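Step one of this worksheet: look at the structure below.
For clarity, every value in this text was computed on a predicted model and none was experimentally measured. Lettering of chains follows the sequences in order, A, B, ..., and the numbering in each one begins at 1.
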2 protein chains.
Amino acid sequence: MLLSKSCVYGVQAAIYMASLPRNEYVAIQEIARELNISFHFLTKVLQNLTQAGLMVSYRGPNGGIALARPTSSINLADIIDAIDGSDIFHECLFGLPGCGIADPCPAHENWSTMRARLHNLCHMLTLEELGKRANQLNVRLANASVPMKPATLIAAITNSSQAPIEK
Amino acid sequence: MLLSKSCVYGVQAAIYMASLPRNEYVAIQEIARELNISFHFLTKVLQNLTQAGLMVSYRGPNGGIALARPTSSINLADIIDAIDGSDIFHECLFGLPGCGIADPCPAHENWSTMRARLHNLCHMLTLEELGKRANQLNVRLANASVPMKPATLIAAITNSSQAPIEK
DNA sequence: CAAATTACAGATAACATACTCTGAAAAATG
DNA sequence: CATTTTTCAGAGTATGTTATCTGTAATTTG
Ligand code: SF4
Ligand code: SF4
């Protein structure tokens with residue numbers, strides 16, 4: 001698979017958060033439940049994102065994690081970078097170290113354009129856009145057994161008692 | 001990584017064989033040495049290719065493996081299919097089971113075109129083309145410590161005592 | 001037929017990834 | 001200040017991939 005499982009979880013969680021009407025602290029427990037991901041494992045994954053400065057966390061009741069920047073300024077590549085590293089965008093089909101035009105493999109020409117296209121795509125896809133799409137009908141975010149955001153979302157909207165968003 | 005290590009080895013070996021002037025039995029030992037791959041491991045990998053009908057093998061002295069079809073009728077996708085399976089071409093960025101337009105994830109539109117492009121590319125790249133390119137100057141096939149085909153190739157050209165190519 | 005050379009088969013070990021569990025530390029709430 | 005809720009930190013487990021090793025079957029050569 002192109003992305004590691006950890007990375008997929010991180011991306012799904014990020015899109016889930018971006019799909020919410022407002023940027024507020026969400027408990028990892030809720031995300032894990034909603035996306036059908038192991039809670040403890042997701043915790044570890046998301047720590048990468050907070051350490052990378054993409055998210056901020058807040059402990060205690062009503063705490064959780066929130067996006068550190070507006071959804072329009074976080075893209076797919078940012079998240080992949082933080083979890084899997086940027087190797088995917090630079091390494092080659094054959095995984096040879098020290099690739100380059102000076103010493104190319106037989107597939108270099110084709111692959112390098114492919115790779116660049118992928119990098120472009122992941123840079124273009126912002127959380128804003130992905131979050132919007134996730135809110136559309138018949139769009140699913142994960143292999144969830146439960147349909148996307150039932151009462152949870154409404155609760156989040158009406159619930160005004162939130163921890164301060166600025167660290 | 002997109003391809004497993006096994007798959008990379010298989011592709012490298014196939015290109016190496018395609019780069020030879022004639023389609024003749026080559027000892028796996030030679031390929032492993034030339035491409036800097038563990039012999040026993042490469043053996044296992046190449047068994048996938050013979051079982052898939054892409055290569056034929058012959059035991060005993062002067063035996064080895066050879067391409068089962070002309071280089072022009074074997075492409076990258078064939079080899080990837082035989083070793084890693086065709087999942088890469090059909091599975092998605094998020095690895096969700098049962099993907100489709102009816103129940104898409106937020107990245108479907110972008111990713112499905114990306115994926116199709118990749119599949120196309122791997123279908124277009126025949127061993128004939130890849131072998132040709134491998135023979136060009138400054139092109140390398142693997143992370144080899146030894147420069148590509150020194151005396152080995154000349155020996156293969158001049159050596160006329162070969163096992164019968166038809167099984 | 002004996003010896004050498006090769007692919008084939010299967011067991012085992014080393015390593016990485018994916019996942020689980022336990023116990024802390026921080027913050028709110030009453 | 002005790003209790004609850006949350007993230008944080010790290011050990012431990014399970015599973016799969018990668019690599020190694022040992023032996024066997026097929027084939028040629030002399
Ligand atoms: S030459 Fe290009 S395609 Fe080949 S391994 Fe290097 S970067 Fe990748
Ligand atoms: S909807 Fe498309 S991109 Fe998303 S998981 Fe399915 S096939 Fe992949």
Side-chain angles (χ1 to χ4, degrees), chain A residues 1-10 12-13 17 24-33 35-52 54-66 68 83-85 87-88 95 143 159 161-167, chain B residues 1-10 12-13 17 24-33 35-52 54-66 68 83-85 87 95 143 159-167:
Chain A
M1 207 164 29
L2 187 59
L3 304 178
S4 74
K5 220 83 181 290
S6 300
C7 193
V8 169
Y9 292 157
Q12 289 176 336
M17 294 173 64
E24 47 201 13
Y25 285 105
V26 183
I28 300 178
Q29 189 95 54
E30 173 190 327
I31 305 176
R33 178 176 13 94
L35 298 181
N36 216 25
I37 303 172
S38 152
F39 164 61
H40 287 288
F41 194 59
L42 183 59
T43 287
K44 284 237 157 301
V45 170
L46 292 182
Q47 278 168 18
N48 291 327
L49 297 183
T50 62
Q51 279 160 18
L54 295 174
M55 295 188 177
V56 290
S57 64
Y58 202 85
R59 302 196 209 186
N62 293 324
I65 58 170
I83 299 176
D84 271 358
D87 280 0
I88 322 167
N143 192 18
N159 178 14
S161 81
Q162 282 290 323
I165 197 74
E166 48 276 313
K167 161 55 198 270
Chain B
M1 209 164 30
L2 186 62
L3 304 179
S4 72
K5 219 86 181 289
S6 299
C7 192
V8 169
Y9 293 158
Q12 289 176 335
M17 293 172 65
E24 47 202 14
Y25 285 105
V26 183
I28 298 178
Q29 187 93 55
E30 173 189 327
I31 305 176
R33 179 176 12 95
L35 299 182
N36 214 25
I37 303 172
S38 149
F39 164 63
H40 288 288
F41 194 59
L42 183 59
T43 288
K44 284 231 161 304
V45 170
L46 292 181
Q47 277 168 18
N48 290 327
L49 297 183
T50 61
Q51 279 162 19
L54 295 174
M55 295 189 176
V56 290
S57 64
Y58 202 83
R59 300 196 210 188
N62 293 325
I65 60 170
I83 299 176
D84 272 357
D87 280 358
N143 192 16
N159 178 15
S160 55
S161 81
Q162 284 288 325
I165 198 72
E166 50 275 314
K167 173 18 191 288

Atom-to-atom span, CD of A/Gln51 to C1' of D/dC8 - whole angstrom: 9 Å
Listed nucleotide nearest any side-chain atom of A/Pro61, set C/dA28, D/dT7, D/dA19: C/dA28
Separation of atom CG in A/Leu42 from atom C1' in C/dC21, rounded to whole Å: 16 Å
Rounded distance in Å - CZ (B/Phe41) to C1' (C/dC15): 12 Å
Sugar-phosphate only, base, or nothing, as touched by B/Leu46 at under 4.0 Å among non-hydrogen atoms: nothing
Short side-chain N/O contact from A/Ser6 to OP1 or OP2 of C/dT17, under 4.0 Å: no
Pairwise 5' ranking along DNA chain C for A/Arg59 and B/Ala27, keeping only the more 5' one: B/Ala27
Residue A/Ser38, side-chain atoms from C-beta onward, closest of D/dT20, C/dG10, C/dT20: C/dT20
Residue pair A/Ile31 / A/Ile37, side-chain heavy-atom distance below 4.5 Å: no
Closest to the A/Ser57 side chain, choosing from C/dA11, C/dC8, D/dC8: D/dC8
Donor-acceptor pair, side chain of B/Asp84 and main chain of B/Ser4, under 3.5 angstrom: yes
Atom-to-atom span, NE2 of B/His40 to C1' of D/dA19 - whole angstrom: 10 Å
Minimum-distance nucleotide (side-chain atoms of B/Thr50 versus D/dT28, C/dC8, D/dG10): C/dC8
Distance, rounded to the nearest Å, where B/Asn62 contributes CG and D/dG30 contributes C1': 14 Å
Euclidean distance, atom CD1 of residue B/Ile65 to atom P of C/dT6 [Å, nearest integer]: 13 Å
Integer-rounded Å distance: D/dT28 C1' and B/Tyr25 OH: 14 Å
Distance below 4.0 Å between A/Lys5 side-chain N/O and C/dC19 OP1 or OP2: yes
Touch class at under 4.0 angstrom, heavy-atom based, for A/Phe39 against every strand present: base
CG-CZ distance between A/Leu42 and A/Arg33, expressed to the nearest 0.5 angstrom: 12.0 Å
Phosphate-side-chain proximity, A/Tyr58 and D/dT5, N/O vs OP1/OP2 below 4.0 Å: no
B/Leu3 CG - D/dT17 P separation (whole Å): 14 Å
Residue pair A/Leu46 / A/Ala13: nearest heavy atoms and the distance that separates them: CD2-CB, 4.0 Å
Geometric class of the B/Tyr25/B/Tyr58 ring pair [parallel <30°, tilted 30-60°, perpendicular >60°]: tilted
